[in-house]
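In this text, all values refer to a predicted model and were calculated from it rather than measured experimentally.
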Amino acid sequence: MRLPQLLFLPLCLGVSAARAQRLTIVHAKIIDVATGAIRPDMTVVINGPRIVRVGPSALNNPRTGRVVDAHGQYLMPGLWDMHTHVYFDGTANAGTDLILPLLLANGITGIRDMGSQLDSVLGARAAVAAHRRLGPRLVVSGPMLDGPKSPYQAAIAVATPEDGRRAVDMLKARGVDFIKIQSYVPRAAYFAIAAEAKAVGLPFEGHVPDAVSAAEAVAAGQRTFEHLIGVFEASSTDEARYVAGAEKSPGRLLATYDAAREVAAVQLLAAQHVWQCPTLFWERGQWLVDSLAWRDDPDLAYAGRSWVAQRWPKAQASIARTMDTEPRPVRARFVAHELDLVRKLHAAGVGFLAGTDAPAGVDVLPGPSLHLELQRFVAAGFTPLEALQTATLNPARFYHRLQDFGSVAPGRLADLVLLSANPLANIANTQRIAAVVADGRYLSRQDLDQLLEHLKQVAAGK
């Protein structure tokens, strides 16, 4: 596939989507992300969007379709980034022609979008599904539900219970997949949103609002906690004061930490199967923003020009001024405390999802940041296999779609990544991408390199 074809992929894929395509990958080492077993010298036959046959290469002699020799390479399910904002505020203009293809070029074949402009993200979901746009498949919330003075454009302001119910009903009618809760939702409105979401059959996920305790969020049926918000507060002797409106900060949370309360919170989350999406790479960048050397990022060429020139320097200064006023050693202790909390939650059997918050944070690039997030899970004590599961098997479990995702097996959707090195030996090898298969469409390393060169040009204009 030449670069001109990549530039016009939306049109090309739209034409070819109606025809069944056959792709055969031979001599691959298949990674079972459930067990860690590696099946050597395997052939995978793909017809249209699904895998139709998997077996030893010696017993399969493909005669039709495109044949890819994957000798020495590792085949695994495509990655999911479970916390993104593709059409978010100041970066929304980059959503279609930079963020979505950049995610795919980095092996991310599925995303959960946690807050975007409604029309844009619904249009992208439909266009990618119909192969008119190049990007990962999308599961979307549309705009976030936030308080009456939300600082975000990609949010619906909610002041009253009726506001909350009306927002849920509108989003349901527009066809979103779930409701995203933000931090400033008022207490009464939160419970109205929870009840209405349940009544109309939409999951609700996101932040534990400042005015609600973790136990209350669990009882209301909130399906995920993002950024570990709520768990820190539940582990503090000041939790009731925080719910009542008291200020909180890393130093205060550390000073009021209570091990027994943390144990109780961990046990509750495990018993009620509340998933955690901790965004560890983003968290470290937030709390230690004054030490970020983002100008040295080797992937900086894929950042929008305005992000580098305006957005990130402004955000770095703003966060340092408003959120990170405590001494850096205190904030560094809080980052270590986060990793320790993740270890404890993981040991208790709490489910984890890999997410990045891209591109909302400073130097949180769509695509590369997910690979760094997996490395943070390993830093928290996960094995490489367990870290890999947070972006492959666990999303399939979370969505109750093991029949479609999470394994390389007959009947599964052909969302795959081919790696030139074993990620179970070193999680950093998830970056060694040889090819990507997205809904049955094959992008070779040459295709990906041409796409990435084009995305550098796109980024320079953003």
Measure the shortest side-chain to side-chain distance between [X] and [Y] over non-hydrogen atoms and say whether it is less than 4.5 angstrom.
X    : Y    : value
L171 : L145 : yes
M144 : H85  : yes
D177 : R112 : no
T91  : S306 : no
P395 : W275 : no
R125 : D113 : no
L416 : I51  : yes
V408 : P77  : yes

[X] side, atom [atom1]; [Y] side, atom [atom2] - distance, nearest 0.5 Å:
X    : Y    : atom1 : atom2 : value
W307 : W294 : CH2   : CH2   : 12.5 Å
I30  : M42  : CD1   : CE    : 4.5 Å
L345 : D340 : CG    : CG    : 10.0 Å
R376 : I427 : CZ    : CD1   : 14.0 Å
L104 : R137 : CG    : CZ    : 10.5 Å
H371 : N106 : NE2   : CG    : 4.5 Å

Heavy-atom pair with the smallest gap, counting every atom of [X] and [Y]:
X    : Y    : result
W312 : A303 : CH2-CB, 3.6 Å
F88  : G115 : CD1-O, 3.7 Å
I179 : S141 : C-CB, 4.5 Å
E373 : L280 : OE2-N, 2.7 Å
A387 : L374 : O-CD2, 3.4 Å
F178 : V139 : CE2-O, 3.9 Å

Holding to side-chain hydrogen bond (donor to acceptor under 3.5 Å, both in side chains), I want the full list of residues that pass it with N429, two or more places apart in sequence or in another chain.
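N429 satisfies side-chain hydrogen bond (donor to acceptor under 3.5 Å, both in side chains) with no residue once adjacent residues are dropped.
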The criterion is ring pair (Phe, Tyr, Trp, His ring centres under 6.0 Å); which residues satisfy it with H227, sequence neighbours excluded?
H83, H207, W282
Hey, does the side chain of [X] reach the backbone of [Y] with a donor-acceptor pair shorter than 3.5 angstrom?
X    : Y    : value
R22  : N47  : no
E233 : G230 : yes
T224 : G206 : yes
R53  : P410 : no
D89  : Y152 : no
R66  : L23  : no
D41  : S57  : no
R305 : G461 : no
T392 : L388 : yes
R412 : L402 : yes

Please report the C-alpha distance between I99 and T84 in whole Å, then the side-chain angles of each, then the deciding distance to 0.1 Å, and finally whether the side-chain contact (heavy atoms from CB on, under 4.5 Å) criterion is met.
CA-CA 10 Å; I99 295 171; T84 67; over 6 Å; no
Counting only heavy atoms not in Y257, do more than 12 fall under 6.0 Å of its OH?
yes
Would you say OH of Y184 has more than 12 non-hydrogen atoms from neighbouring residues, nucleotides or ligands within 6.0 angstrom?
no
How are the rings of [X] and [Y] set relative to one another: parallel (under 30°), tilted (30 to 60°) or perpendicular (over 60°)?
X    : Y    : value
F382 : F377 : tilted
F204 : Y190 : perpendicular
F232 : H337 : tilted

Show your reasoning for whether side-chain contact (heavy atoms from CB on, under 4.5 Å) applies to T383 and L424.
CA-CA 8 Å; T383 66; L424 304 184; over 6 Å; no
Steps toward salt bridge (charged side-chain N to carboxylate O under 4.0 Å, His left out) verdict (D363, R295):
CA-CA 9 Å; D363 199 26; R295 289 178 178 83; over 6 Å; no
Pair N422, I38 - check side-chain contact (heavy atoms from CB on, under 4.5 Å), show working.
CA-CA 10 Å; N422 184 2; I38 295 178; 3.6 Å; yes
The test is side-chain contact (heavy atoms from CB on, under 4.5 Å); show your working for Q222 and V274 and say whether it passes.
CA-CA 7 Å; Q222 187 165 321; V274 180; 6.0 Å; no
Of I46, D415, V44, which is the lone residue that meets side-chain contact (heavy atoms from CB on, under 4.5 Å) with V437?
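Going through I46, D415, V44 one by one, the side-chain contact (heavy atoms from CB on, under 4.5 Å) with V437 is satisfied by I46 alone.
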Before giving the answer on salt bridge (charged side-chain N to carboxylate O under 4.0 Å, His left out), spell out for R174 and D119 the whole-Å C-alpha distance, their side-chain angles and the decisive distance to 0.1 Å.
CA-CA 9 Å; R174 292 296 306 275; D119 290 339; 2.7 Å; yes
